[in-house]
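One is the number of the first residue; the rest follow in order along the sequence.
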Amino acid sequence: MDAWSITASILRAIGRSLAAAGAIWVYIPVPDESAREWILLTPPPGHPERLRPDVPLSAVERHLARSLSHPEDIA
């Protein structure tokens, strides 16, 4: 074995060890009971459509809005 393959195998073993240690030490919080799923029905504050309500949507934006408001029609 040459020095390169020995170094590569040592680094691979170190990487696997660090990945295993990271998987053990990662903190995953328990989901909060008060947390609920929310659906975005209107653009959020600061969205371009919200900033300029006087400017009408382009044809592409109207098509996207129709597609997003009726996802069952997309097939």
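- Put simply, NE2 on H63 and CG on L57 are 13.0 Å apart, with the number rounded to the nearest 0.5 Å.
- Scored by the side chain to side chain contact (heavy atoms under 4.5 Å, CB included) test, R12 finds A8, S9, R16 as partners (sequence neighbours excluded).
- Annotation: side chain to side chain contact (heavy atoms under 4.5 Å, CB included) contacts of T7 (sequence neighbours excluded): L11.
- A single hydrophobic cluster is not seen to contain both V60 and V55; linkage of ILVMFWY side chains at heavy-atom distances under 4.5 Å, directly or through other members, places them apart.
- D2 and S5 make their closest contact through OD1-OG, 2.8 Å (heavy atoms, listed as atom of the first residue, atom of the second, distance).
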